[in-house]
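Only one structure is covered here, and it is reproduced in the block below.
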Protein chains: 2
Amino acid sequence: MPKPDVDPTVSLDLSVDRSSPVPLYFQLSQQLEAAIEHGNLTPGSLLGNEIELAARLGLSRPTVRQAIQSLVDKGLLVRRRGVGTQVVHSQVKRPLELSSLYDDLEAAGQRPATKVLVNTVLPASAAVAAALGVPEGGDVHRVERLRLAHGEPMAYLVNHLPTGLLDLGTEQLEATGLYRLMRSAGITLHSARQSIGARSATAAEAERLAEAEGAPLLTMQRTTFDDTGRAVEFGDHIYRPTRYSFEFQLLVRP
Amino acid sequence: MPKPDVDPTVSLDLSVDRSSPVPLYFQLSQQLEAAIEHGNLTPGSLLGNEIELAARLGLSRPTVRQAIQSLVDKGLLVRRRGVGTQVVHSQVKRPLELSSLYDDLEAAGQRPATKVLVNTVLPASAAVAAALGVPEGGDVHRVERLRLAHGEPMAYLVNHLPTGLLDLGTEQLEATGLYRLMRSAGITLHSARQSIGARSATAAEAERLAEAEGAPLLTMQRTTFDDTGRAVEFGDHIYRPTRYSFEFQLLVRP
DNA sequence: GTAGTCCGATTGTCCGGACATACGCATTGA
DNA sequence: TCAATGCGTATGTCCGGACAATCGGACTAC
């Protein structure tokens, strides 16, 4: 007598298209992720063993494992040797990516706007030169922007970039975020070093952000590197804490 | 005539111990990571192809790939199809893990101290109940701690935990961090949801942290989940921004 | 001289199998 | 009654091979 079927993936209508250029493991991981997202795979449920899943889909076990592993890395699944793979009791949304404020606001349904206050080239100060790894006094771009949401000022952004990487049109800067511009210029972002702190607003800062002098501000400094290790951007940002806070999810790596 | 040898890994004295219980791919990735750390593999240098490396070590290509992949995930290496694998021009230290303030301070050479102000069990407020996923009014632990470094107050930490997970001895809380206690109680931390902001200090907060009333404070709220998805901790922390800021590195996931 | 094409090199994907290891549970033993 | 043992099951590790996709440079054609 066959044991009762409790594998939730059998009722999931999983399938792969071998003629597609999309890798098989990726097709599978996307379908599993969608099933988790839509509640077809309920949190806590066991996934049924890899061997059988591979056989049912006509895939090899390494391919199935690769699909599952990618979801484990995303924090959606947990594997236990001798037990099985089960869906994490979610709460997981997105595990913190290198996001631009512009994209964040847009995704949140706030309509972001940007006002470019300064867009020029000038000699690098000592701090900027050190952060970007360029000679002090050498030319760098300097961009100062005011970011608004629903017409209200939300952040004041100062960025320095090495020259020669991309053209910074003021119109483009007002239409989208800096990261999107860099990506479309062929720069592949790799990592960033961030520092988040707080301090009181100076008189000038207070006026720009429509806050009172001495009001608490949220500060963020960030240096971004591309995959060759070059620093491609150094940002010094201040945010109004009543309007913005940093929200993110992070995973414990085992 | 053989082509000139430019593979930097040949002079690296890599070797694996097949009698060790440590997985082969892990042995290899650790040796490569150490070589990068010590400068024996210079940033930007190409790694020589996987096939040859596998042959030289007496390993299969999948095993070598697994080792390399783990370092790619850490941000230390970059792969390019048709080109090779090269060492990232570093700056990478650690890609943001779920760290406790206590461990951070200890690692930074500051000698952390903890003063437990409150350690009790009480009915959950609505906010705490919602964060922990327990019924409102049910029992929860409440811990209030003052964290000091070099005798100076640095942060004020309020934590709520479900009852029944672990015993919270005041002595233990003063000797180490909360996360270390949870891990040693057999709880496997999985993910956390964080929110970082800023606001002005109330009179009571100012006194506890030796700041002026209205001084800017850095705030962090965090809910931590174990691998079954249960919320195991809810923290509401305030930091003195003149003494502490959040520093971390993050990777762009491709 | 310039643009397009071909080709070698290298990683990306996938397969089918083998054995090791750890967990949970039932059985056995004191 | 309770602890120790054994067993089934699932994931973890590893192998050797095969073909595809892409990059960069050399070569060729215009």
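In the text below, chain A, chain B and the rest are named by the order of the sequence lines, each starting its count at 1.
- At the heavy-atom level, B:P23 lies under 4.0 Å from the strands shown only through sugar-phosphate atoms.
- Put simply, A:R18 has a side-chain N or O that comes within less than 4.0 Å of OP1 or OP2 on C:dC15.
- For the OP1/OP2 pair of D:dC14 and a distance below 4.0 Å, the side-chain nitrogens and oxygens of B:Y25 include no atom meeting the criterion.
- Base engagement by B:R65 is indicated by at least one non-hydrogen atom pair under 4.0 Å involving a base atom.
- Rounded to an integer number of Å, the gap from CG of B:L53 to C1' of C:dT11 is 14 Å.
- We find that CG of A:L24 is positioned 12 Å from P of C:dG16, with the value rounded to whole Å.
- For C:dG17, the OP1/OP2 oxygens have no side-chain nitrogen or oxygen of A:S60 closer than 4.0 Å.
- Applying the 4.0 Å criterion to OP1 and OP2 of D:dA10, one finds that A:T85 has every side-chain N and O outside that range.
- The CD-P distance, from B:E52 to C:dG8, rounds to 19 Å in whole Å.
- In terms of phosphate contacts, A:T63 brings no side-chain nitrogen or oxygen within less than 4.0 Å of OP1 or OP2 of C:dT13.
- Rounded to whole Å, atom C1' of D:dG12 lies 11 Å from atom CD1 of A:I51.
- When the C1' atom of C:dT13 is taken as reference, atom CD of B:E50 falls 12 Å away, rounded to whole Å.
- When each of A:P62 and B:P21 is assigned the nucleotide of DNA chain C with its nearest heavy atom, A:P62 is the one assigned upstream, toward the 5' end.
- In this structure, the CZ atom of A:F26 is 11 Å from the P atom of C:dC14, given to the nearest Å.
- Contact annotation: B:R79 does not reach the phosphate of C:dT10 (side-chain N/O to OP1 or OP2, under 4.0 Å).
- Distance, B:R81 CZ to C:dG12 C1': 4 Å, rounded to whole Å.
- Between B:R61 atom CZ and C:dG16 atom C1' the separation is 17 Å, expressed in whole Å.
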